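Residue numbers start from 1 in every chain, and the chains themselves are labelled A, B, ... in the order their sequence lines are given, proteins ahead of strands. Since the structure is predicted, the reported quantities are computational estimates derived from the model, not experimental observations.
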There are 4 protein chains.
Amino acid sequence: MVSDISRTPTPAGRPRDPALERAILAATVEVVIESGFAAARLEEIARRAHTGKAAIYRRWRSKTELVIAAAESLLAEVVVPDEGSLRQDLLACARHYVSPNTRTALMLATVLAEATHTDELRATALESIGRPPTEALRTVIQRWALRGAVRSSAPVELIVSLIPAIAFHRVLLHHEGLNETIVVSMVDDVLMPALNPGHQ
Amino acid sequence: MVSDISRTPTPAGRPRDPALERAILAATVEVVIESGFAAARLEEIARRAHTGKAAIYRRWRSKTELVIAAAESLLAEVVVPDEGSLRQDLLACARHYVSPNTRTALMLATVLAEATHTDELRATALESIGRPPTEALRTVIQRWALRGAVRSSAPVELIVSLIPAIAFHRVLLHHEGLNETIVVSMVDDVLMPALNPGHQ
Amino acid sequence: MVSDISRTPTPAGRPRDPALERAILAATVEVVIESGFAAARLEEIARRAHTGKAAIYRRWRSKTELVIAAAESLLAEVVVPDEGSLRQDLLACARHYVSPNTRTALMLATVLAEATHTDELRATALESIGRPPTEALRTVIQRWALRGAVRSSAPVELIVSLIPAIAFHRVLLHHEGLNETIVVSMVDDVLMPALNPGHQ
Amino acid sequence: MVSDISRTPTPAGRPRDPALERAILAATVEVVIESGFAAARLEEIARRAHTGKAAIYRRWRSKTELVIAAAESLLAEVVVPDEGSLRQDLLACARHYVSPNTRTALMLATVLAEATHTDELRATALESIGRPPTEALRTVIQRWALRGAVRSSAPVELIVSLIPAIAFHRVLLHHEGLNETIVVSMVDDVLMPALNPGHQ
DNA sequence: CCTTAATCGAGACGGTACGTCAGGTCTTGTG
DNA sequence: CACAAGACCTGACGTACCGTCTCGATTAAGG
């Protein structure tokens with residue numbers, strides 16, 4: 001008798017098209033960035049993904065969940081940098097918010113705003129969108145604290161939230177993501193002094 | 001003959017009920033905070049204000065404009081503090097964002113998020129909601145810079161945006177406004193070191 | 001104090017447009033005759049009535065009820081004839097089924113077929129569409145029975161149903177309503193012999 | 001060499017399951033009678049036949065054609081009776097419409113109603129469902145006309161359509177097929193007097 | 001025995017209509 | 001004129017179903 005290693009014995013019926021999933025998410029990002037959450041039309045998303053509404057609702061339960069999933073799909077893999085100095089590591093983390101084309105930040109801000117009033121979705125959005133890059137910052141700071149580069153009384157949690165806060169703030173109010181100038185200024189003029197005032 | 005200098009000579013017909021205006025704005029704040037922008041229903045707002053949709057549209061041209069007006073109605077008068085020290089003035093400005101009950105911040109965040117995709121409204125919202133408290137901070141810092149309490153190379157614009165950024169960030173992600181602890185920590189651990197690293 | 005005779009004290013709000021009701025019913029008749037029940041589209045009906053679906057659903061709870069109402073609107077007032085002879089009265093009754101333009105009969109047949117499987121609607125349709133003209137025939141025959149022109153053993157109920165049966169049969173199978181030739185033949189060759197075989 | 005006269009030389013691949021065809025038709029009859037044409041769901045039919053939609057569409061091109069095929073499958077073989085008297089033959093023909101359980105008549109009426117608005121299908125349905133039993137009646141009457149039992153001026157076509165007309169009428173309006181009492185009354189009180197008024 | 005080709009059940013697919021609902025406008029009667 | 005009520009049109013929502021397509025598995029027939 002052969003060893004049966006199949007855990008999931010192939011579900012019956014035609015399998016879902018994985019390319020379709022990607023096409024829908026890509027179309028969602030496009031349309032939401034163009035129009036915002038409320039004005040984004042599912043028919044338009046479906047049209048651009050060359051599919052129908054049914055295929056969308058087979059995968060996500062509502063427009064809101066679809067948009068959150070689309071935002072998640074934009075998130076780059078977060079890596080904890082280790083570049084030799086606290087400053088270099090902070091710069092690396094902050095550059096995560098320098099969106100390739102502002103699109104990502106705008107999308108994320110839209111999602112966060114929409115999710116604000118649906119607790120369940122807000123938790124999801126927070127977990128998948130908000131947490132990871134914050135976690136990298138926190139890890140970096142704690143690592144350098146052990147190495148003595150951070151004063152012990154520094155309010156790490158508050159400092160960790162400064163970068164994402166500035167990023168979302170700029171996107172919501174000015175439709176601009178962070179740029180290299182701001183990143184450097186944030187690190188050199190705000191984060192470093194806050195973490196270790198002595199070494200300005 | 002009495003002197004009648006009024007340029008707009010009392011329009012004919014029944015005058016508008018001024019109490020109704022306030023009732024509508026109050027109902028709008030309630031409903032938007034409960035449900036968010038998209039899920040807020042004009043019928044529900046009208047119902048709670050004991051009026052009809054027509055009375056609303058006689059005053060504002062769209063749901064979006066109504067909501068922005070409701071947000072503006074929440075804003076406290078911004079005063080530029082002058083309390084004797086840079087630190088005291090910064091604390092006073094930051095306390096503007098300690099919402100009486102978080103409601104204000106949540107309302108403002110909702111409006112900003114909604115306005116994100118309507119350029120005209122975004123400008124209005126930015127001007128009436130975002131600018132004034134920022135202006136107070138900017139004024140305070142510039143005043144103390146003249147008095148030598150701020151290093152000349154400090155990135156004032158960036159620092160000025162830190163407080164509102166943190167405030168909106170907390171509201172969007174955690175549904176919490178600033179509190180006294182955070183305000184103090186922001187001023188003492190972030191703003192003061194950034195403005196004048198030598199005197200922590 | 002004035003006498004208050006108003007039973008229904010004018011409902012609040014804008015009253016429904018009675019012309020719209022007629023326009024919707026007329027459009028429904030048109031579309032159903034062209035396309036049949038299943039292929040009739042509410043959007044198309046709304047378009048031809050220069051209105052929207054909401055105005056339709058405000059008046060009727062479903063497509064089926066709308067179509068039945070449209071069929072009822074086609075029914076001519078049924079009058080019981082009294083023309084001096086049994087034969088003349090039968091002819092007059094039968095001519096009720098000579099549809100002005102076949103449209104009526106086709107519409108009625110469509111409705112009956114659709115209503116067949118919804119008991120509640122079938123009862124309604126039967127009552128409003130099927131009963132009245134049958135009742136006229138029954139009245140006529142009973143009146144002439146009292147005058148001795150009908151043999152006592154004639155199966156009145158069966159004979160009464162022959163005319164509508166033939167009418168619906170022709171419409172369903174041949175898309176034709178009754179015509180004068182058939183009406184005369186039915187009366188002279190079928191009904192009269194069945195009612196009173198002696199007098200050919 | 002064996003003589004192979006089969007024009008269709010056994011198609012390659014797995015042959016169709018003949019039992020499945022019957023199961024699908026039976027399920028179709030069930031569901032259509034329960035729900036009517038419009039509300040009959042192909043998924044439900046497939047489920048009751050323990051198969052899938054594909055197996056249905058491999059055999060019939062549309063729901064309408066399937067339902068017509070199901071109706072045809074209900075039709076009893078029509079035989080032209082020859083029982084020794086006009087009356088006996090008419091009774092035999094009429095009894096074709098005494099459905100075993102009303103189901104057949106209801107099914108046929110549903111099909112005819114549905115086919116009403118699809119000319120091609122109406123022709124098919126008319127040919128396969130409506131024609132045969134009518135043909136038997138026509139044959140019987142013509143045979144007895146030659147034997148002198150039918151007056152020459154009798155409107156044979158009209159009389160021939162009376163039985164099916166009554167049958168469909170009763171089914172559409174009352175959900176009842178013909179019964180023995182009605183059959184006898186139709187023959188004795190309507191058909192016989194119409195065909196030969198002298199001999200009631 | 002193994003390839004071939006069509007079947008089978010299951011279910012995803014694109015499309016389209018359903019019936020609902022909300023935004024913003026218009027129309028009543030009343031004050 | 002303002003006001004409350006509610007009908008109006010428009011258009012998106014999320015659901016359901018038709019008819020097609022695709023999957024893995026099954027089932028003869030032919031080499």
Side-chain angles (χ1 to χ4, degrees), chain A residues 9-17 20-21 38-44 46-47 49-63, chain B residues 10-17 20 38-44 46-47 49-64 66, chain C residues 9-17 20 38-44 46-47 49-63, chain D residues 9-17 20 38-44 46-47 49-64 66:
Chain A
T10 306
R14 175 175 173 176
R16 291 190 184 164
D17 183 352
L20 189 52
E21 190 137 343
R41 304 295 160 216
L42 276 181
E43 300 265 19
E44 176 63 14
R47 200 183 60 74
H50 304 290
T51 182
K53 280 193 296 179
I56 297 179
Y57 282 102
R58 213 172 284 122
R59 291 170 167 80
W60 299 278
R61 284 181 307 186
S62 71
K63 181 177 172 179
Chain B
T10 309
R14 175 172 170 179
R16 289 188 187 169
D17 181 352
L20 191 49
R41 304 296 161 217
L42 276 179
E43 301 266 19
E44 176 64 13
R47 198 182 63 73
H50 304 290
T51 182
K53 283 194 294 181
I56 297 179
Y57 282 101
R58 217 171 281 124
R59 292 169 167 82
W60 299 277
R61 282 184 309 185
S62 70
K63 178 179 175 178
T64 306
L66 166 65
Chain C
T10 306
R14 176 175 173 176
R16 290 189 186 166
D17 183 351
L20 189 50
R41 304 294 160 217
L42 276 180
E43 301 264 21
E44 176 65 14
R47 198 184 61 73
H50 304 290
T51 183
K53 283 193 295 180
I56 298 180
Y57 282 102
R58 213 173 284 123
R59 292 169 167 80
W60 300 278
R61 282 182 310 187
S62 70
K63 180 178 173 179
Chain D
T10 308
R14 176 174 172 177
R16 289 187 187 168
D17 182 352
L20 190 51
R41 304 294 160 217
L42 277 178
E43 301 264 18
E44 177 63 13
R47 199 184 61 75
H50 304 291
T51 182
K53 283 194 296 181
I56 297 179
Y57 282 100
R58 217 172 279 125
R59 292 169 167 81
W60 299 277
R61 282 184 309 184
S62 71
K63 178 179 175 179
T64 307
L66 165 65

Revision key, fill the gap. Residues B/Arg58 and B/Arg16: closest non-hydrogen pair is O-NH2, 3.2 Å
Review point. Would you say F/dC3 has OP1 or OP2 under 4.0 Å from some side-chain N or O of B/Arg58?
Key: yes
Exercise for review: Rounded to the nearest 0.5 Å, what's the gap from NZ on B/Lys63 to CD1 on B/Ile56? Could you check?
Suggested key: 11.0 Å
**Study point:** Distance, rounded to the nearest Å, where D/Leu20 contributes CG and E/dC8 contributes P
**Key:** 5 Å
Point to revise | Phosphate-side-chain proximity, A/Arg59 and E/dC13, N/O vs OP1/OP2 below 4.0 Å | key: yes
Exercise for review: Among the candidates F/dA5, E/dT7, F/dC3, find the nucleotide nearest to the side-chain atoms of C/Ala12.
Suggested key: F/dA5
Exercise for review: For C/Asp17 and C/Thr51, run side chain to side chain contact (heavy atoms under 4.5 Å, CB included): C-alpha distance rounded to whole Å, both residues' side-chain angles, the deciding distance at 0.1 Å, then the answer.
Suggested key: CA-CA 11 Å; C/Asp17 183 351; C/Thr51 183; over 6 Å; no
Review point. Please give, in whole Å, the distance from F/dA7 C1' to C/Ile56 CD1?
Key: 14 Å
Check your understanding: Where do C/Ala46 and C/Gly52 come nearest, in terms of heavy atoms and distance?
Key -> CB-C, 3.8 Å
Revision key, fill the gap. Heavy-atom nearest pair, C/Ala55 first then C/Leu20, reads CB-CD2, 4.1 Å
Exercise for review: Report which part of the nucleic acid B/Gly52 touches: base, sugar-phosphate, or nothing (heavy-atom distance under 4.0 Å, all strands).
Suggested key: sugar-phosphate
Review point. With no angle test and no hydrogens, is the base of F/dT26 tied to the side chain of D/Arg14 by a donor-acceptor pair under 3.5 Å?
Key: yes
Protein and nucleotides 12-16 of chain F: nitrogen or oxygen contacts under 3.5 angstrom:
unit_1	atom_1	unit_2	atom_2	d
F/dA12	O3'	A/Arg41	NH1	3.3
F/dC13	OP2	A/Leu42	N	3.2
F/dG14	OP2	A/Tyr57	OH	2.1
F/dG14	O5'	A/Tyr57	OH	3.0
F/dG14	N7	A/Lys53	NZ	2.8
F/dG14	O6	A/Lys53	NZ	3.1

Exercise for review: Would you kindly give the CG-to-P distance between A/Asp17 and E/dG11, to the nearest whole Å?
Suggested key: 18 Å
Review point. Between atom NE2 in B/His50 and atom C1' in F/dA4, what is the gap in whole Å?
Key: 13 Å
Point to revise | Nearest-Å distance for atom pair CZ/P, residues A/Arg47 and E/dC13 | key: 19 Å
